[in-house]
Amino acid sequence: MDEAAWYVVHTYSGYENKVKANLDKAIENQHLEDQIFEVRVPMVDVTEVKNGQKKSVSKKLFPGYVLINMINNNDTWYLVRNTRGVTGFVGPGSKPVPLTDLEMHNLGIATDKLVVDFTEGDTVVVISGIWKDTVGVIQAMNESKQIVTINVDMFGRETPVEISFAEVRKAN
């Protein structure tokens, strides 16, 4: 049996959520839940200022694209490719190319979940990266993205910084 991977599908602009809804319904109707695991429209929260008012809104991270976690075979390829609003898979010709682990990590999709021994309020030491040897208290944890938010002293001010689980360890 093939391995499941994340693929990128190109859609008509503005049809991302309709494609997701159509795919979810088609997956259920065709009973392919064991081959197509997740359909995702990546969103990001941004702050907009309109008429002097700050407002937090969600925007599509990649307009015109939808991410799909599936086992690539003739049935799943055909279902996705023939969904209304889908123009094709991202890749050469009609052959879908799965996302690499690095690309998935950059999108906030973790491949291997790290089990950590710290939680919010714990003091941690950064063991790699630009903040190496920095000590901070965990303000927030995001399990799905595998990151912690700690406050660091920058220019005399406390500034929140997001750091990967793999780059921190619990302070003694």
(request) Examine L61 and V46 and state if one hydrophobic cluster contains both, with Ile, Leu, Val, Met, Phe, Trp and Tyr joined whenever side-chain heavy atoms are less than 4.5 Å apart. (result) yes

(message) Checking side chain to side chain contact (heavy atoms under 4.5 Å, CB included) between V66 and each of V8, T11, V86, which is the one that passes?
(response) T11

(request) Output, in order, the C-alpha distance, side-chain angles, deciding distance and verdict of side-chain contact (heavy atoms from CB on, under 4.5 Å) for E162 and N142. (result) CA-CA 10 Å; E162 291 184 342; N142 186 329; over 6 Å; no

(message) Looking at G64, is its backbone amide N or carbonyl O close enough to the side chain of E16 to form a donor-acceptor pair, meaning the two atoms are under 3.5 Å apart?
(response) yes

(request) Kindly give the heavy-atom pair with the smallest separation between V124 and K170, and that separation in Å. (result) CG1-CA, 4.2 Å

(request) Check the surroundings of atom CZ in F37: do more than 12 heavy atoms from other residues, nucleotides or ligands lie under 6.0 Å from it? (result) yes

(message) Donor-acceptor pair, distance only, cut-off 3.5 Å: does the side chain of E167 make one with the backbone of S164?
(response) no

(message) So does P160 get a backbone contact from the side chain of T149, meaning a donor-acceptor N/O pair under 3.5 Å?
(response) no

(request) Could you check K55, K59, K54 and say which one makes a salt bridge (Lys or Arg N to Asp or Glu O under 4.0 Å) with E48? (result) K59

(message) Does N74, at its CG atom, have more than 12 non-hydrogen atoms belonging to other residues, nucleotides or ligands within less than 6.0 Å?
(response) no

(message) To check you understand the geometry: which heavy-atom pair defines the closest contact between N69 and A5, and what is its length?
(response) OD1-O, 3.2 Å

(message) Pair V97, V90 - check side-chain contact (heavy atoms from CB on, under 4.5 Å), show working.
(response) CA-CA 7 Å; V97 176; V90 173; over 6 Å; no

I'd like a table of donor-acceptor pairs (distance under 3.5 Å, sequence neighbours excluded) in which one partner is a side-chain atom from residues 17-33, with atom names and distances.
residue, atom, partner, partner atom, Å
K20, NZ, D24, OD2, 2.9
K20, NZ, V39, O, 3.3
N22, ND2, K18, O, 3.3
N29, ND2, K25, O, 3.4

(request) Verify the neighbour count for atom OH of Y15: are there more than 12 heavy atoms of other residues, nucleotides or ligands below 6.0 Å? (result) no

(request) Measure from the side-chain N and O atoms of N73 to the backbone N and O of D75, and report whether any donor-acceptor pair falls under 3.5 Å. (result) yes

(request) Could you tell me whether H10 and Y65 have their ring centroids closer than 6.0 angstrom? (result) yes

(message) Working to the nearest 0.5 angstrom, can you tell me the gap between K95 NZ and N72 CG?
(response) 7.0 Å

(request) Drop me the distance from E120's CD to I150's CD1, to the nearest 0.5 angstrom. (result) 13.5 Å

